[in-house]
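Report on the following structure.
Read the numbers this way: they start at 1 and go in the same order the structure lists the ligands and their atoms.
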Amino acid sequence: MAFLPFARPDITEAEIDAVVETMRSGWLTTGPNAAAFEKEFVEFLGADAQAVAINSATAGLHLAFEAIGVGPGTEVLVPTWTFTSTAEAVRYLGGDPILVDVDPETLCIDLEDAERKVTERTIAIAPVHFSGLAVPDGALSDFARRHGLKVVEDAAHSFPTLNEGKLVGTHGHEATVYSFYATKTMTTGEGGMVVTPDPELAARMRTMRLHGINRDVFDRYTSNKPSWHYDVVAPGYKYNLTDTAAAMGRVQLKRTPEMVGRRTDIAKAFDEAFQGLPLRLPTHAPEGSSHAWHLYVARLTDDAPVDRDRFIELMAEREVGTSVHFIPLHLHPYWRDTYQHAPESFPVASAEFQKAFSLPIFSAMTDDDVTKVIDAVKAILS
Ligand SMILES: *Cc1c(COP(=O)(O)O)cnc(C)c1O
């Protein structure tokens, strides 16, 4: 059997047909597919909100932080246990990401540590619903309200995730940002979406997504004003999503329930098979919430026969790709040196990072693939 990669996109003939049809249509850039994708995305969420399609979640975080007023002299609370995007987008605007330790159960932002780090400069919190498990919204909303903070949710892992009875993206926070990167729960190759209930934030993000022009490209060719006429109102960015990508996304969106169902089944099979091994298995969602199972992150316990790095090597020898999510930001040279972070300042993340690994859990995995992962883990850890 060939090497099982850590992740592989789940693409069917339907996505391929949709992209080919778009290529034949004569309209490749942001157009009717992107507009339909935005509409269908908020319909899926059932949100009274607007969706803004962009070419990555990183772009979406940048747009959202810009729209809520992040800039020099402002601070945003960001968990250290995340991909660098969440923090770097704050730096793009000259703001400071204030790294926060994580909860040892969920590896999501620890609101008690966040409490200690709020200052008069703090204007927002950017929780990451890590691996597909949400930061409980009651506590999050309460925290934000008490400190007068805006909330930009990094939902790169949590499409779709129920958070205390409602899907992530429907709790009324300023912005929720999704990623459609190739390894995420649904993909457009590269792409993303920002959802906001606030029409003013939506308008600002739509403008900044395309050069600070106050009308979309598509409008330029369909509205009855002359197509050459537009106003540049700000030095915006180039973050729009192509129609070929949006066409793929529309099909992936329809297949989302099927794909999340498959990942949930795989997680269940892993949980059952790994009982009794020296592993701390992933935390499950509490009653009323759900887990999107973007990642299956387990941690070696102290009685494991090998350390994490050796475990990953042995898995590779057994032809199974694994990964680590994440090397905490405070350990990366840029963040460490710029903000003088020490590992001891983030005791939970620094310790858990030594033990954590992610197993393949993508919806295109066959039953044989799942068995291969289980057999490899058991052979190494039994
Ligand atoms: C993947 C990821 C991102 C960035 O997504 P892109 O679409 O690649 O920009 C942001 N945050 C987290 C937590 C991620 O895992």
Side-chain angles (χ1 to χ4, degrees), residues 6-9 34 37 41 51-66 70 76-92 97 99-100 102-103 106-109 124-135 140 151-161 163 168-169 173 175-195 205 209 237-242 245-246 248-249 252-253 263 282 291-297 323-330 332 335 349 353 356-358 360-362:
F6 170 69
R8 194 195 294 133
F37 186 30
F41 198 82
V52 179
I54 62 260
N55 58 14
S56 73
T58 308
L61 289 161
H62 190 186
L63 289 174
F65 288 141
E66 198 274 342
V70 172
V76 179
L77 299 164
V78 173
T80 189
W81 198 280
T82 185
F83 187 57
T84 194
S85 292
T86 328
E88 81 188 12
V90 176
R91 291 299 298 143
Y92 292 169
L99 298 185
V100 178
V102 290
D103 179 284
T106 62
L107 303 173
C108 288
I109 193 164
I125 181 168
V128 176
H129 303 304
F130 177 69
S131 75
L133 194 62
V135 178
L140 174 65
V151 179
V152 173
E153 296 176 280
D154 182 335
H157 299 182
S158 52
F159 183 73
T161 292
N163 186 354
V168 167
H173 296 307
T176 304
V177 183
Y178 302 88
S179 173
F180 309 138
Y181 182 67
T183 59
K184 298 287 158 72
T185 56
M186 66 161 271
T187 186
T188 60
E190 299 280 359
M193 194 74 82
V194 189
V195 170
M205 293 192 288
R209 152 177 84 172
Y237 316 114
K238 185 64 167 70
Y239 284 165
N240 55 303
L241 186 70
T242 67
M248 190 192 304
Q252 288 266 295
L253 182 62
R263 287 195 309 276
H291 199 315
W293 293 112
H294 164 53
L295 300 173
Y296 187 94
V297 177
S323 191
V324 175
H325 298 88
F326 292 98
I327 301 169
L329 295 185
H330 68 272
H332 286 285
W335 299 112
F353 163 62
F357 61 88
S358 309
I361 183 166
F362 51 94

For ligand 1, run through the N/O pairs with the protein that fall under 3.5 Å and put one pair on each line.
residue, atom, partner, partner atom, Å
ligand 1, 5 (O), S179, OG, 3.2
ligand 1, 7 (O), A57, N, 2.8
ligand 1, 7 (O), S179, OG, 2.7
ligand 1, 9 (O), A57, N, 3.2
ligand 1, 9 (O), T58, N, 2.8
ligand 1, 9 (O), T58, OG1, 2.5
ligand 1, 11 (N), D154, OD1, 3.4
ligand 1, 11 (N), D154, OD2, 2.7
ligand 1, 15 (O), H157, NE2, 2.7
ligand 1, 15 (O), K184, NZ, 3.1

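Rounded to the nearest 0.5 angstrom, T82 OG1 and F130 CZ are separated by 8.5 Å. One distance of note links CH2 of W335 with OG1 of T80; it measures 10.0 Å at 0.5 Å rounding. In this structure, T188 OG1 and Q252 CD are separated by 8.5 Å, a value rounded to the nearest 0.5 Å.
Between F159 and the options Y181, Y178, W293, a ring pair (Phe, Tyr, Trp, His ring centres under 6.0 Å) holds for only Y178.
Listed by chain and number, the residues in a side chain to side chain donor-acceptor pair (under 3.5 Å) with H157 amount to none (sequence neighbours excluded).
Closest approach of G169 to V195, counting heavy atoms only: O-CG1, 3.8 Å.
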